[in-house]
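Please read all numbers here as calculations on a predicted model, not as lab measurements.
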Amino acid sequence: METIQFRSGVLETDQDAVLQIVKSSGFFNNEEQDVAVELVTERLEKGESSGYYFIFAELEDKVVGYSCFGPIPGTASSYDLYWIAVDDSYRGRNIGRQIIEKSEQRIAEMGGTRIYVETSSRAQYKPTRHFYLRCHYILEAELKDFYANGDSKCIFIKILNEDS
């Protein structure tokens, strides 16, 4: 059994790795793929001042999954989980669950108490929505026809600290 290594530091090679991961999913269009890579680039250029933080999962020195998250400006302790993706050929190995748990731990260490994540209501994203529910996120809101006619935005939340 291979051991997954996790890291939060961002490397130049992560731009290509992130592109490969999001392409492999078949979920994201070219514009969305560009955004995923741009966030890595911005972190490389600006460091922590970018507001973007990452967790990368590696197997045998290959990035097989990642998350990107950051504090929501104007809030006391809320964070957005912008991206979480696992290379299609590595799905079903519990890697996504481990990445989200590491992300939640890091967010808590940074003082975060609430995590928000959004996804599409399209049928293609049903496994994604179930993933968040299995990870104890709650569907907080659905914005009808947000992305397009018939494609609503589903907003999930997880409260890390009930005292907040």
Side-chain angles (χ1 to χ4, degrees), residues 4-59 61-91 95-112 114-122 124-125 127-129 131-132 135 137 140-143 145-149 151-158:
I4 300 171
Q5 301 294 316
F6 296 94
R7 64 175 165 83
S8 58
V10 181
L11 307 173
E12 291 282 338
T13 55
D14 291 330
Q15 294 166 316
D16 290 336
V18 163
L19 181 59
Q20 170 54 40
I21 290 166
V22 296
K23 274 186 173 183
S24 77
S25 74
F27 281 42
F28 306 108
N29 64 37
N30 289 341
E31 183 179 0
E32 292 167 323
Q33 293 171 23
D34 290 345
V35 169
V37 174
E38 284 172 18
L39 300 183
V40 176
T41 302
E42 190 163 337
R43 174 60 192 226
L44 286 167
E45 291 173 355
K46 296 182 179 178
E48 284 191 16
S49 68
S50 70
Y52 300 118
Y53 296 84
F54 291 84
I55 299 291
F56 293 96
E58 296 179 329
L59 281 173
D61 296 323
K62 178 185 178 182
V63 177
V64 297
Y66 84 104
S67 69
C68 176
F69 53 90
I72 301 172
T75 68
S77 59
S78 295
Y79 278 67
D80 272 323
L81 178 62
Y82 300 112
W83 288 88
I84 181 166
V86 174
D87 188 285
D88 191 57
S89 60
Y90 291 89
R91 286 211 186 111
I95 296 170
R97 180 68 168 242
Q98 292 178 69
I99 292 170
I100 206 166
E101 288 172 358
K102 296 284 185 192
S103 302
E104 292 166 358
Q105 290 170 3
R106 182 68 183 118
I107 289 168
E109 290 168 3
M110 295 168 66
R114 292 172 176 265
I115 302 173
Y116 293 87
V117 61
E118 53 193 58
T119 191
S120 170
S121 68
R122 290 190 342 236
Q124 177 183 15
Y125 287 86
T128 303
R129 294 188 303 275
F131 170 76
Y132 292 128
C135 293
Y137 285 71
E140 185 74 7
E142 188 171 337
L143 307 178
D145 301 325
F146 182 86
Y147 297 110
N149 195 14
D151 187 5
S152 302
K153 178 193 279 192
C154 299
I155 302 171
F156 290 83
I157 182 175
K158 184 169 190 176

Donor-acceptor pair, side chain of E32 and main chain of N29, under 3.5 angstrom: yes
Spacing of CG belonging to L11 relative to CG belonging to L44, to within rounding of 0.5 Å: 8.0 Å
OG1 on T119 to CZ on F27, rounded to 0.5 Å: 8.0 Å
Check: Q20 and D87 side chains under 4.5 Å, non-hydrogen atoms: yes
Evaluation steps, side chain to side chain contact (heavy atoms under 4.5 Å, CB included), between V22 and W83: CA-CA 9 Å; V22 296; W83 288 88; 3.7 Å; yes
N/O donor-acceptor pair under 3.5 Å between R129 side chain and S120 backbone: yes
For E140, salt bridge (Lys or Arg N to Asp or Glu O under 4.0 Å) partners two or more places apart: none
Plane angle bin for F69 and Y53 - parallel if under 30°, tilted between 30 and 60°, otherwise perpendicular: parallel
Closest approach of M110 to Y79 (non-hydrogen atoms, all atoms of both residues): CB-OH, 3.3 Å
Rounded distance [0.5 Å steps], CD in E118 versus CZ in F146: 6.5 Å
Expected output: side-chain K102 to main-chain A57 donor-acceptor under 3.5 Å: no
Residue pair E142 / S121: nearest heavy atoms and the distance that separates them: OE2-CB, 4.1 Å
Residue pair Y137, I115: steps toward the side chain to side chain contact (heavy atoms under 4.5 Å, CB included) verdict: CA-CA 9 Å; Y137 285 71; I115 302 173; 3.7 Å; yes
Under 3.5 Å donor-acceptor, S152 side chain and D145 backbone: yes
Minimum-distance pair of heavy atoms, taken over all atoms of G111 and S77: O-CB, 3.3 Å
Minimum side-chain heavy-atom gap F56-V18 below 4.5 Å: yes
Residue pair T41 / Q15, side-chain donor-acceptor N/O under 3.5 Å: yes
Side-chain touch I84/V117, heavy atoms, less than 4.5 angstrom: no
Minimum heavy-atom distance G9-D14, with the two atoms named: O-OD2, 4.0 Å
Nearest-0.5 Å distance that lies between atom OG in S24 and atom OH in Y90: 10.5 Å
Side chain to side chain contact (heavy atoms under 4.5 Å, CB included) evaluation trace for Q98 with V86: CA-CA 11 Å; Q98 292 178 69; V86 174; over 6 Å; no
More than 12 heavy atoms of other groups within 6.0 Å of E31 CD: no
Flag, side chain of Q5 to backbone of D61, donor-acceptor distance under 3.5 Å: no
Heavy atoms of other groups near K23 NZ, more than 12 under 6.0 Å: no
Nearest non-hydrogen partners of I21 and G65, listed with the distance: CD1-N, 3.6 Å
Reported CZ-to-CZ distance for the pair R43 and F54, which is rounded to 0.5 angstrom: 7.5 Å
Derivation and outcome, side chain to side chain contact (heavy atoms under 4.5 Å, CB included), residues F28 and V35: CA-CA 10 Å; F28 306 108; V35 169; over 6 Å; no
Nearest heavy atoms of S50 and G47, plus distance in Å: OG-O, 2.8 Å
Approximate separation, where rounding is to 0.5 Å, of I55 CD1 and I99 CD1: 9.0 Å
Validation row: V63, T13 side chains within 4.5 angstrom (heavy atoms): no
